[in-house]
K.L.:
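Attaching a single structure in structure tokens format; questions to follow.
First listed ligand is number 1; within each ligand, the first listed atom is number 1. Quick caveat: nothing in here was measured; it's all calculated off a predicted structure.
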Amino acid sequence: MRPPLHPRQVEFFHEQGYLIVPDAFLASELEPLRGALHAEINRLARGHLAEGRLAELHEELGFDRQLAAIHRDAPEVGEAIVRALIGLRGGGYYCPEMFALITQPALLAITAALVGSGEIVASPYRIRPKLPNFGRGVVPWHQDSGYLAEHCDSHLIITCWVPFVDATARNGCMQILPRTHRGGVVPHRTGGNADFLVIRDEDLPADPLGAITAACPRGGAVFMTNRTPHCSTPNDSDHIRWSVDLRYKAADVPNNVGLEPAHLDAAGRADDAFYAQVNVACYPPEADFVVASASHPERVVDYAEYVRLRDVYARTQPTFAEVRAWPPLGQ
Ligand SMILES: O=C(O)CCC(=O)C(=O)O
């Protein structure tokens, strides 16, 4: 088990708005999830091959390169596989290995030190295969709060960004604007690259020292607050910059734990009373899960409950309104 965070690391996180922990895991601890994702890519690719949309699987290229070769041969197939893995509202690919990462004791110990509580709720995550020279992988400047409900702006929600390869400036790691997280949420615009939210240059908070390049080795993790401005740059390497970004918060931050659509109709839609309730969560379209609790250990989810809850939310999400309305670029 890795040693707990040093108090100076916790202090650094709160002062700077980010913390890079180069040894959050043993690199070998990421292998099960790398293997599961690779198997899923092959499963999806075989389906496309059988239906004539793909001529070659490129299995021999391995996890770090195969999907890039598929995308080069058949861009629409590559896009479809990327979309299936990332997921949007309702979440993307999940498996026991993903759940094991989210609930990894060492990661939860770091999170507990950063949020100042051992009662922890995990929120939606994203899996990001950033292919080489893949325009959609470039994420413009934003604060994660830009995607979350406004009443959560003053709460602390941790983003834990875990690369599956050494993340470098060359393969498109993140850029972070330190020390600017205390100033609140700045205006965002819709319609940034690949339809992401974007903070226009004139709205980016100023810091005399400017942005840092958040390079992070495989086995490490980058932690940020929900108000820390960050972006990610193009992948100019010959391999995929694989990463996942997980989200955690203390259990007293607004969440939808225990709220379930009891009134689903036959089409999977819920009634207005349910939506009024779940709108108190920071990100209502996806389920939050208790992942650590000394006071209520019975609330900590196991994999079966995690899958059940994800499914309930995935079936109801199409009727959710936008979480937060920002004007489009150009306004
Ligand atoms: O992985 C990336 O390129 C960007 C990640 C990001 O913006 C996030 O986790 O909020």
K.L.:
What atoms in ligand 1 come closer than 4.0 Å to a heavy atom of D144?
P.N.:
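Matching atoms, with element in brackets: 10 (O).
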
K.L.:
Checking Q9 side chain against P4 main chain: does a donor-acceptor pair fall under 3.5 Å?
P.N.:
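No: the side chain of Q9 does not pair with the backbone of P4.
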
K.L.:
Report, in ascending order of atom number, the atoms of ligand 1 lying under 4.0 Å from any heavy atom of D245.
P.N.:
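Here the atoms of ligand 1 in question are 9 (O).
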
K.L.:
I need the single residue from E40, E51, E59, E56 that forms a salt bridge (Lys or Arg N to Asp or Glu O under 4.0 Å) with R46. Which is it?
P.N.:
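Only one option passes, and that is E59.
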
K.L.:
Tell me the protein heavy atom at minimum distance from atom 7 (O) of ligand 1, and give that distance in Å.
P.N.:
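Ranked first by proximity to atom 7 (O) of ligand 1 is H142 CE1, 2.9 Å.
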
K.L.:
Compute the minimum heavy-atom distance from Q143 to ligand 1 and say whether it is under 4.0 Å.
P.N.:
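Q143 does not count as a contact of ligand 1 under the 4.0 Å cut-off.
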
K.L.:
Which heavy atom of L33 sits nearest a heavy atom of L101, and at what distance?
P.N.:
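Heavy-atom minimum between the residues: CD2-CD2, 3.8 Å.
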
K.L.:
Give the atoms of ligand 1, by number and element, whose distance to some non-hydrogen atom of V139 is under 4.0 Å.
P.N.:
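Taking each heavy atom of V139 in turn, ligand 1 has 3 (O), 4 (C), 7 (O) under 4.0 Å.
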
K.L.:
Considering only protein heavy atoms, which is closest to atom 3 (O) of ligand 1, and at what distance to one decimal place?
P.N.:
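Among all protein heavy atoms, the one nearest atom 3 (O) of ligand 1 is S232 OG, 2.7 Å.
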
K.L.:
Counting only heavy atoms not in R299, do more than 12 sit closer than 6.0 Å to its CZ atom?
P.N.:
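No, the 6.0 Å shell around CZ holds no more than 12 heavy atoms from other groups.
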
K.L.:
Within a strict 4.5 Å, meaning less than it, do heavy atoms of the I158 and T225 side chains meet?
P.N.:
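Of all side-chain heavy-atom pairs linking T225 with I158, none is under 4.5 Å.
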
K.L.:
Does M224 come within less than 4.0 Å of ligand 1, judged by its heavy atoms?
P.N.:
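No, M224 has no heavy atom closer than 4.0 Å to ligand 1.
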
K.L.:
Looking at ligand 1, is there an atom of it that comes within less than 4.0 Å of some heavy atom belonging to R126?
P.N.:
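False for this residue.
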
K.L.:
Is it the case that the side chains of H230 and D144 hold a donor-acceptor pair, with the cut-off being a distance below 3.5 Å and no angle test?
P.N.:
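Yes, H230 and D144 have a side-chain donor paired with an acceptor closer than 3.5 Å.
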
K.L.:
For atom 6 (C) of ligand 1, what is the closest protein heavy atom, and at what distance to 0.1 Å?
P.N.:
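Answer, as residue, atom name and distance: H230 NE2, 3.6 Å.
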
K.L.:
Does V115 reach the side chain of K249, with side-chain heavy atoms less than 4.5 Å apart?
P.N.:
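No. Closest side-chain heavy atoms not under 4.5 Å.
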
K.L.:
Tell me, which protein residue and heavy-atom name are nearest atom 2 (C) of ligand 1, and how many Å apart are they?
P.N.:
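Sorting protein heavy atoms by distance from atom 2 (C) of ligand 1 puts R241 NH2, 3.4 Å first.
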
K.L.:
Do R34 and R218 have side chains that approach each other closer than 4.5 Å (heavy atoms only, starting at C-beta)?
P.N.:
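Side-chain contact under 4.5 Å: yes.
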
K.L.:
Could you tell me whether R247 and ligand 1 have an N or O pair separated by under 3.5 Å?
P.N.:
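So ligand 1 has an N or O lying under 3.5 Å from an N or O of R247.
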
